[in-house]
Amino acid sequence: MSKIAMNTPLVEMDGDEMTRILWEMIKDELLTPYIDLKTEYYDLGLKKRNETDDTITRQAAERTKELGVAVKCATITPNAARVKEYDLKEMWKSPNGTIRSILDGTVFRTPILVKGIEPCVRNWEKPITLARHAYGDVYKNVEIKVPGKGKGYLVFEDENGNETKELIQDFKGAGILQGIHNTDASITSFANSCFKYALDTKMDLWFSTKDTISKKYDHNFKDIFADLYEKEYKDQFEKAGITYFYTLIDDAVARIMKSKGGMIWACKNYDGDVMSDMVSSAFGSLAMMTSVLVSPLGVYEYEAAHGTVQRHYYKHLAGEETSTNSVATIFAWTGALKKRGELDKLPELTEFAKKLEKATLSTIEGGRMTKDLALITSLEDVKVLNSGDFIKAVRSTLETL
Ligand code: NAP
Ligand code: MG
């Protein structure tokens with residue numbers, strides 16, 4: 001059987017711990033036997049990041065800008081314990097943060113739905129994709145603990161030294177004060193990523209803020225989205241048969257709970273932080289959540305939403321059997337391959353990626369799954385497989401499709 005050809009390589013970013021083990025198994029069992037896999041390999045494992053003073057991460061991100069599509073394994077974000085464990089030269093920054101600052105994108109997280117793992121919200125039939133703005137607001141705040149009586153002001157000084165000043169509060173006693181900001185450039189790039197991703201996936205786009213209360217700050221988000229939609233995306237949305245819908249955050253929450261799902265929900269930074277955890281846990285498992293960074297430049301980076309599954313890795317190192325779920329990592333690969341196939345006009349590649357997704361889901365629906373899913377499934381008589389055997393089971397299903 002001849003293998004499926006590729007033109008442009010994927011940027012392949014390898015990672016750490018248990019997910020690094022899964023990464024290799026997935027390539028060996030599910031990809032290279034069928035595809036003439038072309039990748040440019042960057043080892044973002046912590047050891048290599050340390051050896052290269054983290055230049056490897058920046059190189060991988062820069063190359064993604066040129067090649068257009070990347071697939072990334074989960075990586076360790078070092079903390080004090082990791083600095084010791086890996087004898088690091090310094091506490092290197094989060095690779096995802098570095099990549100995001102180079103590609104300037106928005107992260108879209110989508111649950112993978114499978115029969116037998118039911119969402120807690122019964123009427124959710126289709127996945128809800130959450131798009132979180134990843135800059136500013138309370139995550140870049142300045143705070144003051146007010147000790148007692150006095151006046152708190154908001155001050156802006158322009159380049160020529162002219163001041164605009166607003167009284168926030170005339171304190172009669174102790175209290176608290178906070179300053180937050182955002183930029184039109186960042187909001188515009190967030191909006192562009194959201195509109196592009198909606199067109200790409202043919203899903204409706206919802207956006208919500210609290211503009212009735214925050215008449216300048218949140219309203220600015222609403223206006224930027226609305227202007228951009230009118231000027232650049234309205235015709236394309238109409239042609240694609242999808243809608244853009246703005247509503248208040250509290251109304252959005254109520255409507256989402258009653259909906260059938262199937263939309264992209266764009267949120268400001270804090271709302272996105274809170275709502276993405278709600279949506280992902282309501283859908284069942286972090287191991288069933290994909291994540292894609294969409295840059296306004298039209299560049300894509302696919303990964304799993306979970307981390308390196310450290311606890312399982314230590315078991316693996318101790319020679320014990322693990323049952324680590326590889327579904328989100330498999331879907332990171334299929335997402336990247338589908339996109340590559342689409343961009344390079346290689347329908348065979350896209351079809352293969354879809355078939356692999358189907359094989360993965362059918363394997364679970366047929367009652368063969370990893371332990372994390374076995375614990376929450378509504379299916380009966382399930383067979384719990386170890387990490388390697390699950391991937392092999394997916395391969396045997398793939399052979400039958
Ligand atoms: P984690 O790797 O997501 O794992 C947390 C727990 O969730 C695991 O111990 C496991 O529970 C369960 N779990 C997660 N993924 C699973 C899977 N595929 N299959 C089965 N169970 C799964 O988070 P963490 O332990 O907090 O972080 C470990 C490392 O990952 C950290 O160094 C962190 O910096 C990094 N991280 C990287 C990324 C990224 O690269 N995108 C994201 C998050 C964290 P049980 O142990 O109960 O089985
Ligand atoms: Mg959070």
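Here, residue 1 is the first one in the sequence, and each next residue gets the next number. In listed order, ligands and their atoms are each counted from 1.
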*Asks:* Heavy atoms only: give me the nearest Asn141-Glu143 pair and the separation to one decimal.
*Replies:*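 Where Asn141 meets Glu143 most closely, the heavy atoms are ND2-OE2, 3.1 Å.
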
*Asks:* For ligand 1, is Arg82 a contact, meaning one of its heavy atoms is under 4.0 Å away?
*Replies:* yes

*Asks:* Return a yes/no value: protein heavy atom under 4.0 Å from atom 6 (C) of ligand 1?
*Replies:* no

*Asks:* Answer yes or no: is there an ion pair linking Lys89 with Asp53, defined by an N-O contact shorter than 4.0 Å?
*Replies:*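 The answer is yes: the pair qualifies as a salt bridge.
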
*Asks:* Write down the atom of Val71, the atom of Ala336, and the distance for their closest heavy-atom approach.
*Replies:*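 In terms of heavy atoms, the two residues are closest at CB-CB, 3.9 Å.
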
*Asks:* Show which atoms of ligand 1 fall inside a sub-4.0 Å distance from at least one heavy-atom site of Thr324.
*Replies:* 17 (C), 18 (N), 19 (N)

*Asks:* Is it the case that ligand 1 has an N or O less than 3.5 angstrom from some N or O of His312?
*Replies:* yes

*Asks:* For Thr377 versus Gly116, what's the shortest heavy-atom pair and its separation?
*Replies:* OG1-O, 2.8 Å

*Asks:* Starting from atom 47 (O) of ligand 1, locate the nearest protein heavy atom and write down its residue, its atom name and how far away it is, to 0.1 Å.
*Replies:* Arg311 NH2, 3.7 Å

*Asks:* Is there at least one pair of N or O atoms, one from Ala304 and one from ligand 1, spaced under 3.5 Å apart?
*Replies:*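 There is no such contact.
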
*Asks:* Under 4.0 Å from ligand 1, counting heavy atoms only, is it the side chain of His306, its backbone, both or neither?
*Replies:*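 It is both parts that get close, each with some atom under 4.0 Å.
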
*Asks:* Starting from atom 2 (O) of ligand 1, locate the nearest protein heavy atom and write down its residue, its atom name and how far away it is, to 0.1 Å.
*Replies:* Val309 N, 2.7 Å

*Asks:* Distance under 4.0 Å to a non-hydrogen atom of Lys72: what atoms of ligand 1 satisfy this?
*Replies:* 40 (O)

*Asks:* Kindly state whether the ring of Tyr244 and the ring of Tyr229 have centres lying under 6.0 angstrom apart.
*Replies:* yes

*Asks:* Look at the aromatic rings of Tyr313 and His316 and report parallel, tilted or perpendicular, splitting at 30° and 60°.
*Replies:* parallel

*Asks:* Strictly under 4.0 Å, does any heavy atom of Met18 approach an atom of ligand 1?
*Replies:*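 No.
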
*Asks:* Check whether any protein heavy atom sits under 4.0 Å from atom 39 (C) of ligand 1.
*Replies:*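 Yes, there is a protein heavy atom closer to it than 4.0 Å.
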
*Asks:* Can you name the nearest heavy-atom pair linking Lys126 to Leu113, along with the distance?
*Replies:* C-CD1, 3.7 Å

*Asks:* Is Lys371 touching ligand 1 with its side chain, its backbone, both, or neither, if touching means heavy atoms under 4.0 Å apart?
*Replies:* neither

*Asks:* Under 4.0 Å from atom 28 (C) of ligand 1, is there any protein heavy atom?
*Replies:*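 Under the 4.0 Å cut-off, atom 28 (C) of ligand 1 does have protein heavy-atom neighbours.
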
*Asks:* Are the aromatic rings of Phe195 and Phe225 close, with centres under 6.0 Å apart?
*Replies:*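 Yes, ring centres under 6.0 Å apart.
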
*Asks:* Between Ser323 and ligand 1, is there a nitrogen or oxygen pair with a distance under 3.5 Å?
*Replies:* no

*Asks:* I'd like to check which ligand 1 atoms, numbered from 1 as shown, lie under 4.0 Å from a non-hydrogen atom of Asn96.
*Replies:* 39 (C), 40 (O), 41 (N)

*Asks:* Counting from 1, what ligand 1 atoms have a heavy atom of Ala74 closer than 4.0 Å?
*Replies:* 40 (O)

*Asks:* For the rings on Trp124 and Phe283, is their centre-to-centre separation under 6.0 Å?
*Replies:*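 Centroid separation for Trp124 and Phe283: below 6.0 Å.
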
*Asks:* Among all protein heavy atoms, pick the one closest to atom 19 (N) of ligand 1 and tell me residue, atom and distance.
*Replies:*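 Going by distance alone, atom 19 (N) of ligand 1 is nearest to Asn325 N, 2.9 Å.
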
*Asks:* Could you find the nearest protein heavy atom to atom 33 (C) of ligand 1 and give me its residue, atom name and distance?
*Replies:* Thr77 N, 4.1 Å

*Asks:* Could you tell me whether Arg49 and Asp16 make a salt bridge, using a distance below 4.0 angstrom between a side-chain N and a carboxylate O?
*Replies:*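 Result for this pair is yes, salt bridge flagged.
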
*Asks:* On a heavy-atom basis, which atom in Thr247 and which in Arg255 lie closest, and how many Å separate them?
*Replies:* OG1-NE, 4.5 Å

*Asks:* Which of parallel (below 30°), tilted (30 to 60°) and perpendicular (above 60°) describes Phe221 and Phe207?
*Replies:* tilted

*Asks:* For atom 35 (C) of ligand 1, what's the nearest protein heavy atom and its distance?
*Replies:* Thr75 O, 3.4 Å

*Asks:* Taking all non-hydrogen atoms of both residues, which atom of Thr75 and which atom of Leu44 are closest, and how far apart?
*Replies:*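 Looks like CG2-O, 3.7 Å.
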
*Asks:* Tell me the protein heavy atom at minimum distance from atom 17 (C) of ligand 1, and give that distance in Å.
*Replies:*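 The closest heavy atom on the protein side is Ala287 CB, 3.6 Å.
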
*Asks:* Note the single closest protein heavy atom to atom 30 (O) of ligand 1, along with its residue, its atom name and the distance in Å.
*Replies:* Thr308 N, 3.0 Å

*Asks:* If you measure from atom 23 (O) of ligand 1 to every heavy atom of Ser387, Gly307, Cys73, which option wins on shortest distance?
*Replies:* Gly307

